[in-house]
Structures are given as C-alpha cells and as structure tokens.
Amino acid sequence: MSAQRPLPKRVVSGIKPTGNLHLGNYLGAVKQWVAMQDAIQAEGGETMYFIADLHGLTEFIAPDQLRANTIEMTATMIAAGIDPDRSILFNQARVPAHSELSWLLNNVARVGWLNRMTQFKDKAGKNREGASVGLYDYPVLMAADVLLYNTTHVPVGEDQKQHLELARDIATKFNTDYGVELFTLPEPLVSAAAPRIMSLRDAAAKMSKSNPSEQSVVKLVDSDETIADKFRKAKTDPDLLPATVEELAERPEARNLLTIFAALADRTPQDVLSDYAGKGFGAFKPDLADLAVAKLGPIRNEMVRLLDDRGAIDAILNTGAEKARDLAAPVLRQAQAAMGLML
C-alpha cells in the first residue's frame with residue numbers, strides 16, 4: 001500500500017453540551033480553539049468544531065435541557081471567538097454520517113481495545129453493569145467523529161490521548177482489512193499553552209461546576225462583581241510570591257492563580273512573576289480579578305446578546321451542518337463500498 005499523499009491540515013474537535021461553561025473550560029479548550037482557528041487557517045488549513053450532543057446522551061439528560069445546552073454552548077463558543085464564517089461550526093446530531101460511520105467502525109474495533117479505555121472505568125465506577133452501552137462504546141463514535149473528515153490533527157488533553165490512539169488503530173485496521181487508503185491517521189495536537197485550571201478553594205481538584213462550593217469555580221455567566229469576588233476570596237498561602245516558577249512546586253494554590261493570570265494575559269508564568277516577585281497576594285489578587293473581569297466580561301455580554309435570538313444560533317448550526325454533511329458524505333460512501341454495502 002503506497003503512502004498517503006500529504007493533506008492540508010484539518011483540525012476537528014468537539015465539546016459536550018454540558019451547560020454553564022467555566023473558566024477551566026474556556027482556558028483549557030475554547031481559547032485554544034480560537035488560537036488554532038487563526039494559526040491553522042494562516043497555514044491554508046481548516047478548522048471544524050462541533051457540539052457533541054450525541055456524546056451527551058451517554059448519561060440521561062432531559063431533552064429540553066440538552067437542546068438548551070447545545071444552543072448555549074454554541075453561543076459561548078461564538079462569543080469567545082469561534083467565527084462560523086471561518087470555521088465549520090455544527091452540532092453532531094445534524095450530521096447522521098457520524099452515527100452511520102460509528103456503526104461500521106464498531107465492526108472493526110475490538111472488544112479488548114475498548115476494555116482498555118480508562119475513562120469508562122473512571123466514569124462508570126462501581127456501577128459498570130448499570131452504565132449505558134453508549135458510555136462504554138463512545139470512543140468508537142469519537143473515532144468516527146474525526147475519521148469522517150480526513151482529519152489530520154485533533155486537539156487533545158492527557159485524558160483524550162488514549163481515545164485518539166484508538167481512532168488510529170481502528171483506521172489502520174479498516175484500511176488493512178479492506179485494502180483501501182481511505183482513513184487518514186490523525187495526529188495529536190497538544191498545545192503547550194493549554195493550562196490545567198484547578199479549584200479556587202482546593203488546588204488539588206480540577207475546577208468543576210459540580211463542586212458544591214460556588215466560590216471554587218468561575219462561570220462564564222458570572223457577573224463582573226461575582227468574578228472579582230471569587231478571585232479576591234480564592235485560597236492562597238501567607239508567603240510572598242517568589243522569583244521563579246520552580247519555587248511554587250509545593251504551593252498549589254499560588255501556582256494555580258499564577259497559571260490563570262498567565263493564561264488570561266497571554267504571558268508565561270515566569271514573565272508574570274517578574275512583575276510580582278516579592279509581593280504578597282494582597283497586590284496580586286486584585287490585579288488578577290481586574291484582568292479576569294476585563295477578559296471574561298465581554299464574552300459573557302456577547303453570549304447574553306446572542307442568546308436573545310436563539311433562532312439565529314440554530315441557523316448557524318444548520319449552515320455548519322450542511323457544510324459538514326457535504327464533507328462527510330463521500331467518506332461514508334467509500335467506507336460503505338469498501339465493506340460491500342453499496343451495490
């Protein structure tokens with residue numbers, strides 16, 4: 001089998017419509033996608049971002065809530081800088097090829113491969129027998145999500161690398177079993193700038209909207225006053241800020257606030273420390289609060305404006321889905337033909 005021809009970069013990534021995005025979601029994913037949108041297109045490539053509403057079904061969610069979350073997630077992404085005129089933005093369920101290809105790939109993927117997926121074990125916990133088949137099988141749908149579009153690169157965090165390896169294994173086995181050069185093997189796109197944002201009350205835990213303490217998480221819908229208050233009351237320690245990042249190794253709360261400041265300011269943590277070394281948090285936290293309000297306030301305001309016309313958001317998703325369906329159709333047809341399904 002000859003080597004596949006080089007393809008222009010096509011980045012594809014999705015996000016579950018969970019509702020109430022927070023600072024960790026923004027800095028760890030959406031902000032990175034905006035940067036990729038600019039960088040990849042400057043190279044002549046293409047970016048596709050989708051709301052993973054099919055993945056949202058792996059655990060029960062009320063239909064009205066899922067619909068509302070999908071619209072709100074789309075508004076948040078646009079408000080944060082994803083441009084539907086430059087990137088293809090759609091929700092997964094409007095492109096049936098995702099589900100169709102997923103079933104085809106289910107017959108290529110091996111049970112042993114899925115049994116090794118650590119996220120299912122983590123999410124199902126002790127209730128593995130009571131978990132949905134979708135929760136067990138969703139890595140195959142994730143493979144379909146990217147293989148459907150000749151994706152060359154997929155933004156991944158540490159917890160998603162295993163799923164991308166599965167997608168590559170499925171693609172390789174399909175191409176080999178059926179003697180075709182159909183599926184591109186996607187490469188991971190790991191952004192060194194993507195930070196891991198921790199709780200403002202306990203830096204041993206990731207920032208999460210499920211945390212019972214409202215003070216632990218900064219939500220993108222929070223008012224300016226609420227954002228500032230949460231940073232002013234964020235847990236710290238009594239020591240002064242040091243001259244180097246390495247000196248924060250045993251100070252998780254301080255390191256977390258420095259990480260947030262640097263990510264919001266598009267600076268390195270070491271660069272930020274050059275301004276605050278030897279100062280206390282009485283000087284640092286008010287500046288961080290002001291920075292967070294300046295960066296997040298406009299996103300919240302634009303999101304609220306967009307949600308005043310949910311029909312317009314639905315139209316954006318429909319337009320994006322049309323573009324995605326056009327790209328997906330020939331790949332799905334070729335997969336069906338390779339498997340003997342097209343007479």
Side-chain angles (χ1 to χ4, degrees), residues 15 18 20-33 35 118-119 121-123 125 155-164 188-220 222 224-296:
I15 187 168
T18 56
N20 280 331
L21 260 69
H22 56 70
L23 180 65
N25 302 133
Y26 170 65
L27 293 177
V30 180
K31 187 173 185 289
Q32 308 301 318
W33 290 358
T118 58
Q119 278 207 30
K121 299 172 187 176
D122 293 341
K123 291 183 178 182
V156 292
E158 287 298 323
D159 59 344
Q160 295 294 329
K161 285 184 178 179
Q162 190 182 38
H163 290 156
L164 185 60
L189 190 61
V190 181
S191 172
R196 182 179 172 87
I197 305 301
M198 313 306 285
S199 162
L200 297 185
R201 305 304 300 167
D202 176 12
K206 284 182 68 175
M207 184 174 286
S208 170
K209 67 174 185 176
S210 62
N211 192 301
S213 171
E214 279 290 318
Q215 290 292 330
S216 72
V217 55
V218 176
K219 298 175 182 177
L220 297 189
D222 282 345
D224 290 350
E225 295 76 12
T226 299
I227 293 170
D229 181 67
K230 288 180 178 180
F231 278 111
R232 284 194 296 265
K233 294 179 179 177
K235 184 179 178 182
T236 52
D237 57 47
D239 296 334
L240 301 178
L241 285 161
T244 66
V245 175
E246 289 73 22
E247 293 174 82
L248 290 175
E250 304 301 322
R251 299 171 61 186
E253 279 79 20
R255 189 173 64 249
N256 186 43
L257 293 186
L258 176 65
T259 297
I260 292 171
F261 195 121
L264 286 170
D266 291 317
R267 299 169 65 185
T268 66
Q270 186 59 57
D271 186 42
V272 174
L273 277 181
S274 68
D275 292 342
Y276 292 94
K279 297 181 180 179
F281 285 99
F284 183 84
K285 289 203 291 187
D287 288 354
L288 173 55
D290 289 344
L291 174 63
V293 167
K295 294 291 186 177
L296 301 181

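Just so it is clear, the values below take in all heavy atoms, side chains as well, and ignore hydrogens, waters and symmetry mates.
- At least one side-chain heavy atom of Gln215 sits less than 4.5 Å from a side-chain heavy atom of Asp229.
- In this structure, Lys295 has no side chain to side chain donor-acceptor pair (under 3.5 Å) partners at least two apart in sequence or on a different chain.
- Scanning for salt bridge (charged side-chain N to carboxylate O under 4.0 Å, His left out) contacts around Lys285 gives an empty result, with sequence neighbours left out.
- The salt bridge (charged side-chain N to carboxylate O under 4.0 Å, His left out) search around Asp266 returns Lys31, not counting sequence neighbours.
- Note that NZ of Lys209 is 13.0 Å distant from OG of Ser216, once rounded to the nearest 0.5 Å.
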Practice task
Report the C-alpha distance between Glu214 and Lys219 in whole Å, list the side-chain angles of each, state the deciding distance to 0.1 Å, and finish with yes or no for side chain to side chain contact (heavy atoms under 4.5 Å, CB included).
Solution key: CA-CA 9 Å; Glu214 279 290 318; Lys219 298 175 182 177; 3.2 Å; yes
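- For Ala265, the side-chain contact (heavy atoms from CB on, under 4.5 Å) test picks out Phe261, Arg267, Leu291, with sequence neighbours left out.
- Listed by first then second residue, pairs satisfying salt bridge (charged side-chain N to carboxylate O under 4.0 Å, His left out) with a partner in residues 240-252 read Asp237-Arg251, not counting sequence neighbours.
- Counting all heavy atoms, side chain and backbone alike, Thr118 lies closest to Gln162 at N-OE1, 2.9 Å.
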Output a table of donor-acceptor pairs, distance under 3.5 Å, between side-chain atoms of residues 276-284 and any protein atom two or more places apart or on a different chain; print 'none' if there are none.
| from | atom 1 | to | atom 2 | distance (Å) |
| --- | --- | --- | --- | --- |
| Tyr276 | OH | Asp287 | OD2 | 2.6 |
| Lys279 | NZ | Asp275 | O | 3.4 |

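- With sequence neighbours left out, the side-chain contact (heavy atoms from CB on, under 4.5 Å) criterion links Pro286 to no other residue.
- By the side-chain contact (heavy atoms from CB on, under 4.5 Å) test, Val218 pairs with Leu23, Leu200, Asp222, Ile227, Lys230, Phe231, Leu296, sequence neighbours left out.
- Inter-residue side-chain proximity for Leu258 and Leu273 is flagged as met; some heavy-atom pair is nearer than 4.5 Å.
- Panel note: side chain Gln270, backbone Val245; a donor-acceptor pair is recorded below 3.5 Å.
- The salt bridge (charged side-chain N to carboxylate O under 4.0 Å, His left out) test applied to Asp202 returns no partner, not counting sequence neighbours.
- Legend: residues meeting salt bridge (charged side-chain N to carboxylate O under 4.0 Å, His left out) with Asp224, ordered by chain and number and at least two apart, are Arg300.
- Scanning both residues, Gly24 and Ile197, for their nearest heavy atoms gives CA-CB, 3.8 Å.
- Closest approach of Pro195 to Gln32, counting heavy atoms only: CD-NE2, 4.0 Å.
- A search for side chain to side chain donor-acceptor pair (under 3.5 Å) contacts involving Ser208 returns Ser210, not counting sequence neighbours.
- Pairing each heavy atom of Leu21 with each of Asn25, the nearest pair is CA-OD1, 3.5 Å.
- Closest approach of Asn211 to Ser199, counting heavy atoms only: ND2-OG, 4.3 Å.
- Partners of Thr226 by side chain to side chain donor-acceptor pair (under 3.5 Å), not counting sequence neighbours, listed by chain and number: Ser223.
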Practice task
Kindly determine whether Ile15 and Trp33 satisfy side chain to side chain contact (heavy atoms under 4.5 Å, CB included), including the steps that lead there.
Solution key: CA-CA 11 Å; Ile15 187 168; Trp33 290 358; 3.6 Å; yes
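- Using a 4.0 Å cut-off between a side-chain N of Lys or Arg and a carboxylate O of Asp or Glu, Arg201 and Glu253 do not qualify as a salt bridge.
- Asn256 contributes a side-chain N or O that, together with a main-chain N or O of Met198, makes up a donor-acceptor pair within less than 3.5 Å.
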